[in-house]
Amino acid sequence: MKNTAHPLEPKADKDTVRRHNLSLVLRAVRDEGEATRAAVAARVGLTRAAVSSLVEQLLAGGFLTEQGKTFSGQAGRPGTALRVARSGPAGLGVEINIDYVSVCVVDLAGTDRVRLTEHVDNRGVAPAEVLERAARIAARTLGSAAEQDLRPAGARLALPGLVSGGTVRQAPNLGWNQVAAETLFARALDAQCPGRPALPVGSDNEANAAALAELWFGVGAGPEPVRGFLYLTGEIGVGGAVVVDGELLRGAHGFAGEIGHAMADAEGPRCRCGSRGCLEQYAGQAALLRGAGLDETAGMPGVAELERRARAGDARTVAALERAGRMLGLVVSGAVNLLDPEAVVLGGIYRPLMPWLGPAADRELTLRVVSGLWPAGSGRLRASSSSGDAARGAAAAVVRDVVADPAGYAVRAAN
């Protein structure tokens, strides 16, 4: 009989095993925050001698530091406390949105160490010019990071549109089509940092990056972590992402989660994407401001005024937010019925507006989720954490690549 089984992967050699174990030890220390060699050995299932050898390599490479003594309460000598280094390898995240650019650097622990944000309207501006502006902000951020002895291993862009293979296929609110964002940004950053080794540049949709930040630093990192959720970010558009079992659901072409262009009303207003009645026409930033009688192009100052009026009980503002909440609940209920997530998380401008958006959205979800598992006030609809955003998620993705293969990073850094 013909053997149709797939060939097995090659047997791992000693170097491959050691690289894997280096990552294992580094992740164990990062996840614990502080640990002794003995505690790491117990957690990862390696001998103390093996862990000690791996720790010495990680100390020499600048991935770990040790200081002080920690007492376990058991007999024997106290162990030296290991922590991930606050200097050395880091990640650079660059969020380019409709009306701002935000850049941050995070360290190996995922801590946001440097942050620069510039509020500027990027609509109607040539993509190369927008990316050059982002590169200028990134160059200043890198300068501040260098003062703290942080060395980003790469840069990752978070972009408001359909992103694939380094290219923005479509970003209706920016007016971008087929923009080679990674190449343009890398070229602009190199021009801003002459003499500096070129940083590898990656890219992703900004809602995906924000959802990863929420997974790693928000609802997915608490004492009762949520590992499956639908994430919506309210900006000028409405972005979305889906997390399943702690992993981002990307879809066949990498475009899963575009809930802002889910139809709320087939006869509704024309959307920039070319369709009609998309959710963002009812719950995007411009729709919220317009409904409250504010300048729909006012950006973040307008959103702050929206919140101020809502807190003051302004009837028109409260009604506009409640209408948007109903439309959010209407559209999201379909996604909940389809995907059955543990929670729905609202980020971006929705976070400070939750007291007025949330109840209306929750009522629609209670009414429309067919499982009956969305009782009123269940807590499954929640505001995003203050700990995460798209720039931080993008930067942390770079760091996670380093942690997954510290030996490979060390080789690249040496070259």
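- Under the side-chain hydrogen bond (donor to acceptor under 3.5 Å, both in side chains) criterion, no residue pair touches residues 212-228, with sequence neighbours excluded.
- Residues satisfying the ring-ring contact (aromatic ring centres under 6.0 Å, His included) criterion with Y409, sequence neighbours excluded, are F63.
- Not a single donor-acceptor pair under 3.5 Å links the side chain of D265 to the backbone N or O of R276.
- Under 4.0 Å is where a charged nitrogen must lie from a carboxylate oxygen, and between R43 and D31 at least one such pair does.
- At a threshold of 4.5 Å between non-hydrogen side-chain atoms, the residues I259 and V332 count as touching.
- Residues L142 and P152 are in side-chain contact: their nearest non-hydrogen atoms beyond the backbone lie under 4.5 Å apart.
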Worked check of side chain to side chain contact (heavy atoms under 4.5 Å, CB included) between L159 and D204: CA-CA 6 Å; L159 302 159; D204 204 348; over 6 Å; no
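- With contacts defined as side-chain heavy-atom distances shorter than 4.5 Å, the pair S53/R18 qualifies.
- The two atoms that bring V398 and A155 nearest to each other are CG2-C, 4.2 Å, heavy atoms only.
- Shown here for A335 and L230, the closest heavy-atom pair between the two residues is CB-CD2, 3.7 Å.
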Candidate pair S203 and R156, rule side-chain hydrogen bond (donor to acceptor under 3.5 Å, both in side chains), full reasoning: CA-CA 5 Å; S203 59; R156 195 170 184 89; over 6 Å; no
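- Minimum interatomic distance between A209 and A394 (heavy atoms only, all atoms of both residues): CB-N, 4.0 Å.
- Using modelled atom types, one finds no donor on one side chain facing an acceptor on the other under 3.5 Å when comparing R115 with T141.
- Nearest heavy atom pair, residue A181 against residue V168, reads CB-CG2, 4.0 Å.
- No cation-pi contact links R250 to F255, judged by a cut-off of 6.0 Å to the six-membered ring centre and 45° from its axis.
- The two atoms that bring T317 and A292 nearest to each other are OG1-CB, 3.7 Å, heavy atoms only.
- Side-chain contact, R27 with S23: a donor N or O sits under 3.5 Å from an acceptor N or O.
- Between R83 and E34 there is a salt bridge, with a side-chain nitrogen of the basic residue lying less than 4.0 Å from a carboxylate oxygen of the acidic one.
- The pair R382-E342 fails the salt-bridge criterion, with no side-chain N (NZ, NE, NH1 or NH2) lying under 4.0 Å from an Asp/Glu carboxylate O.
- Between S164 and H253, the closest heavy-atom pair is OG-O, 4.3 Å.
- Of the charged side-chain nitrogens involved, none lies within less than 4.0 Å of a carboxylate oxygen, so that R30 and D107 do not count as a salt-bridged pair.
- Between D121 and R123 there is a salt bridge, with a side-chain nitrogen of the basic residue lying less than 4.0 Å from a carboxylate oxygen of the acidic one.
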